[in-house]
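Protein chains get the first letters and strands the later ones, always in sequence-line order, with residue 1 at the start of each. All of these numbers come straight from a predicted model, not from anything done at the bench.
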2 protein chains.
Amino acid sequence: MITYSEQTRVLVAVDCIIFGFDGEQLKILLIKRGFQPAKDQWSLMGGFVGADENLYGAAERILYQLTGLKDLYLEQLKAYGSPERDPIERTISVAYFALIDINKYKTQISDRYHAEWFLINDAPSLIFDHDIMVEEAKKRIRYKAALHPILFELLPKKFTIPQLQNLYEQVYNTKIDNRNFIRKVNSTDLLIKLSEKDKSSSKRGAFYYTLDKNKYKAKFQSFLNFIPNPEHLISM
Amino acid sequence: MITYSEQTRVLVAVDCIIFGFDGEQLKILLIKRGFQPAKDQWSLMGGFVGADENLYGAAERILYQLTGLKDLYLEQLKAYGSPERDPIERTISVAYFALIDINKYKTQISDRYHAEWFLINDAPSLIFDHDIMVEEAKKRIRYKAALHPILFELLPKKFTIPQLQNLYEQVYNTKIDNRNFIRKVNSTDLLIKLSEKDKSSSKRGAFYYTLDKNKYKAKFQSFLNFIPNPEHLISM
DNA sequence: AAAAATAAACGTTAATTAGACGTTTATTAT
DNA sequence: ATAATAAACGTCTAATTAACGTTTATTTTT
């Protein structure tokens with residue numbers, strides 16, 4: 001019988017970088033740890049991979065435990081495995097990032113985790129290498145969103161073009177020309193215009209739109225261009 | 001003292017998808033396993049992560065053990081963690097892909113590994129989930145090479161534009177218009193023209209070029225466009 | 001020694017796209 | 001009524017792209 005008897009086994013965890021948008025601000029969901037190690041410090045939501053779980057499944061479970069939500073946009077970012085990253089015991093962490101519409105999120109699913117949304121530019125510093133994970137996740141999202149329509153995953157069912165533009169402006173930390181932006185968005189043909197208007201943020205009101213799910217899926221891999229010169233904006 | 005006593009530990013390995021180019025053909029380096037499990041079958045080169053190694057370091061070591069080469073282009077692809085992926089015992093594998101100039105490679109560094117280069121489209125099927133890793137690595141390279149000059153990592157110090165074009169044609173499995181290709185390559189300003197010509201593949205001969213390392217590093221993150229409509233070619 | 005063959009390298013053009021910027025419109029507040 | 005304002009639509013120029021044509025350097029053939 002063959003075994004790998006010589007080898008050391010290590011812990012494997014999944015950590016989730018959870019981005020959310022409430023229609024106005026881009027945020028990240030962090031937990032104040034009610035447990036050891038690093039009790040009372042802020043960290044990403046995470047957990048060990050169960051014996052019968054694959055990595056994606058573990059990420060889904062962890063996300064569900066915190067948010068009560070399923071079928072979220074969830075993508076593997078990277079595996080982190082520096083030997084000293086967890087001071088208690090060597091742990092490999094596979095980081096996933098998730099994009100969610102904050103309105104779908106109901107607060108305080110479990111009181112094992114005290115979770116809080118933070119503005120993306122005003123979050124506390126985190127344990128272990130979690131700050132690095134967040135930075136790399138931000139870069140990944142900026143990179144990917146420059147080419148593919150992932151940011152729609154952050155928006156509610158119906159949303160306005162100014163809201164969408166605001167989201168892009170926050171992700172890239174830049175001002176976008178609204179006349180060109182509207183034109184580009186419309187030219188993708190991904191949106192369906194509704195008759196209803198959102199009057200909350202202007203006198204004239206802005207029409208609501210909804211994502212055409214089929215076209216979204218079909219065109220997801222195509223290269224978009226909502227952001228001029230994205231390469232200059234990705235790594236900031 | 002805090003411990004993670006409840007948790008199961010698992011094996012963590014690194015597997016390398018090694019792409020090479022000999023000036024004419026795009027290849028992948030595989031090993032015929034001289035050891036258990038799956039002895040005598042083809043697989044990617046891999047190994048367990050050592051107690052004091054980080055993941056990237058383990059990948060470098062594994063690559064060095066097989067090829068004798070250091071400082072190669074090496075990038076994490078993804079972590080694979082399906083519970084049944086290794087039938088002997090649960091093992092998380094972190095896959096890395098490497099790009100190397102085959103001319104640098106000296107055969108048979110160690111006889112623990114019988115390694116062989118295979119044409120990218122004519123490789124044997126591999127153990128475990130290694131075929132999936134190779135497919136995903138190919139996609140990743142097609143995606144990345146459409147935007148960034150990574151394919152230069154596969155070329156020798158001096159190379160001709162027809163060679164470069166041939167490499168792109170193999171990666172994307174498509175014919176490229178040579179007049180547009182030359183112009184695009186020149187417009188990047190990444191290459192330095194040498195006075196010497198390669199006469200081996202045409203009567204007229206093609207000038208050798210060499211990569212301007214500084215410009216390469218500086219412009220690596222910019223978006224290139226050597227390939228028209230890459231999105232149609234990435235996932236084939 | 002001239003002619004043919006051929007890949008390499010350079011050039012042209014038309015269509016499309018991108019980005020800068022101007023104008024109109026619907027609505028509310030004054 | 002008028003002013004104010006964000007939303008939405010429009011225009012123009014420059015840059016980029018891709019399709020396609022031409023010349024050139026060299027070797028092989030005659």
Just checking, A/K70 and A/Y64: is the charged tip under 6.0 Å from the six-membered ring centre and within 45° of the axis?
yes
Using the side chain to side chain contact (heavy atoms under 4.5 Å, CB included) criterion, which residues pair with A/A146? Sequence neighbours excluded.
A/Y172, A/P230
Given atom [atom1] of [X] and atom [atom2] of [N], what is their separation to the nearest angstrom?
| X | N | atom1 | atom2 | answer |
| --- | --- | --- | --- | --- |
| B/I161 | D/dA25 | CD1 | P | 17 Å |
| A/N186 | D/dG10 | CG | C1' | 13 Å |
| A/N180 | D/dT13 | CG | P | 16 Å |
| B/I176 | D/dA18 | CD1 | P | 11 Å |
| A/F181 | D/dG10 | CZ | P | 19 Å |
| B/I227 | D/dA18 | CD1 | C1' | 13 Å |

Is any side-chain N of the basic residue among A/K138 and A/E135 closer than 4.0 Å to the acidic one's carboxylate O?
yes
Can you give the first and last nucleotides of DNA chain C, 5' to 3', that have an atom under 4.0 Å from a heavy atom of chain A?
C/dA18 to C/dT28
Identify, with sequence neighbours excluded, every residue that meets side chain to side chain donor-acceptor pair (under 3.5 Å) alongside A/D71.
none
Considering residues at least two apart in sequence or located in another chain, which fulfil the salt bridge (Lys or Arg N to Asp or Glu O under 4.0 Å) criterion with B/D131?
none
Taking the six-membered ring for Trp, are A/F159 and A/F152 parallel (under 30°), tilted (30 to 60°) or perpendicular (over 60°)?
tilted
Below 30° counts as parallel, above 60° as perpendicular, anything between as tilted: where do the rings of B/Y143 and A/F223 land?
perpendicular
Within the 4.0 Å heavy-atom criterion, would you say A/N178 contacts the bases, only the backbone, or no part of the nucleic acid?
base
Could you say whether B/R183 or B/P162 is positioned toward the 5' end of DNA chain C, judged by the nucleotide with the nearest heavy atom to each?
B/P162
Tell me which donor-acceptor pairs under 3.5 Å the side chains of residues 201-209 of chain B have, and how far apart each pair is, sequence neighbours excluded?
residue, atom, partner, partner atom, Å
B/S202, OG, B/G205, N, 2.9

When you compare the side chain of B/Q25 with that of B/F118, does any pair of heavy atoms fall below 4.5 Å?
no
So does A/R179 reach the base of D/dG10 with its side chain, donor to acceptor, closer than 3.5 Å?
no
Protein-nucleotides 26-29 of chain D N/O pairs under 3.5 Å:
residue, atom, partner, partner atom, Å
D/dT26, O3', B/K203, O, 3.3

